[in-house]
Amino acid sequence: MLSVAANTRIFVCSEPTDMRKSFDGLCGLVTDSLGQDPLSGALFLFANRRRDRIKLLVWDGDGYALWYKRLEAGTFQIPQAKALQSSVIISQGELAMLLDGIDLTSVKRRKRYKRAA
């Protein structure tokens, strides 16, 4: 079970990732491709080209944690970034749905209050 705080930012890399990369290689992708700080405490999600494997990288205060999942059948439905964007930001609820195999494009959301930034 993976638990993520509600206020944790979750970045999904839009480009396929070589799943042989580990902590240092993924940190390099976070910095170079996503333009983010890997030490920020945000969670970074990477998927392979076939979309049947994902890795999640997060800095937990005193070291990196890496979570890896391989599907035996099926694929993950990774949200697509808009043109010229290298990542998509999703919520912890969307991450849970993504890991459970729910297509985020078919989810209908009800209107909710959201404070202006």
Side-chain angles (χ1 to χ4, degrees):
M1 182 64 169
L2 179 69
S3 62
V4 179
N7 62 346
T8 301
R9 292 177 46 149
I10 303 168
F11 293 90
V12 179
C13 182
S14 61
E15 296 295 318
T17 303
D18 181 355
M19 287 293 117
R20 294 175 293 182
K21 291 186 184 294
S22 190
F23 298 99
D24 296 329
L26 293 175
C27 286
L29 283 176
V30 169
T31 304
D32 299 339
S33 297
L34 304 181
Q36 299 295 322
D37 179 14
L39 300 174
S40 67
L43 194 144
F44 302 95
L45 186 143
F46 303 93
N48 65 340
R49 188 170 306 280
R50 291 188 320 221
R51 306 287 195 221
D52 64 345
R53 299 165 194 232
I54 60 169
K55 282 189 178 180
L56 300 167
L57 177 73
V58 65
W59 173 260
D60 70 355
D62 61 354
Y64 288 106
L66 190 62
W67 193 81
Y68 185 42
K69 183 168 183 174
R70 180 187 76 186
L71 295 177
E72 294 301 317
T75 59
F76 292 104
Q77 182 64 40
I78 305 296
Q80 296 299 312
K82 295 178 180 160
L84 302 176
Q85 287 185 336
S86 59
S87 66
V88 176
I89 299 175
I90 62 173
S91 69
Q92 65 138 119
E94 291 169 324
L95 175 63
M97 288 187 282
L98 187 146
L99 294 175
D100 280 342
I102 298 170
D103 184 356
L104 298 177
T105 58
S106 65
V107 174
K108 183 170 171 92
R109 301 200 182 282
R110 298 233 177 235
K111 184 177 178 180
R112 295 287 187 256
Y113 172 79
K114 187 171 183 177
R115 183 177 234 172

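Between Ser86 and Ser33, the shortest heavy-atom contact is OG-O, 2.9 Å. Across Gly63 and Asp60, no two heavy atoms sit closer than the pair O-OD1, 2.7 Å. Closest non-hydrogen pair, Pro16 versus Asn48, comes out as CB-C, 4.2 Å. For the residue pair Gly41 and Val58, the shortest heavy atom distance occurs at O-CG2, 3.7 Å. When all heavy atoms of Leu43 and Thr8 are compared, the closest pair comes out as N-CG2, 4.1 Å. Annotation for Val12 and Pro79: closest pair CG1-CD, 4.3 Å, computed over non-hydrogen atoms.
Using a distance-only test at 3.5 Å, with no hydrogens or angles considered, a donor-acceptor pair links the side chain of Asp18 to the main chain of Arg20.
The side-chain contact (heavy atoms from CB on, under 4.5 Å) with Phe44 is formed by just one residue from the set Val30, Leu29, Leu26; it is Val30.
More than 12 heavy atoms of other residues, nucleotides or ligands lie within 6.0 Å of CZ in Arg51, so this atom counts as buried by the packing criterion. By the 6.0 Å contact criterion, CG on Asp24 is open, its count of non-hydrogen atoms from other residues, nucleotides or ligands being 12 or less. Sparse packing is recorded around CD of Glu15, with 12 or fewer heavy atoms of other residues, nucleotides or ligands lying under 6.0 Å away.
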*Audit row: Val88, Ile78, side-chain contact (heavy atoms from CB on, under 4.5 Å) steps and yes/no*: CA-CA 9 Å; Val88 176; Ile78 305 296; over 6 Å; no
*Determine, step by step, whether Gln92 and Ile10 satisfy the side-chain contact (heavy atoms from CB on, under 4.5 Å) criterion, reporting the C-alpha distance in whole Å, the side-chain angles of both residues, the deciding distance to 0.1 Å, and the verdict.*
CA-CA 7 Å; Gln92 65 138 119; Ile10 303 168; 4.3 Å; yes
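Side-chain atoms of Leu66 and Lys55, non-hydrogen and from C-beta on, do get closer than 4.5 Å to each other. Proximity of Leu95 to Leu99: side-chain heavy atoms (C-beta onward) are separated by under 4.5 Å at one or more points. Using a 4.5 Å cut-off on side-chain heavy atoms (C-beta onward), Lys21 and Phe46 make no contact.
Linking ILVMFWY side-chain heavy atoms closer than 4.5 Å, directly or via other members, places Met19 and Leu71 in two distinct hydrophobic clusters. Residues Ile89 and Leu56 do not share a hydrophobic cluster, defined by chaining ILVMFWY side chains whose heavy atoms lie under 4.5 Å apart.
Interatomic distance, Leu45 CG to Ser14 OG, rounded to the nearest 0.5 Å: 11.5 Å.
When the ring-ring contact (aromatic ring centres under 6.0 Å, His included) test is applied to Tyr68, no partner is found at least two apart in sequence or on another chain.
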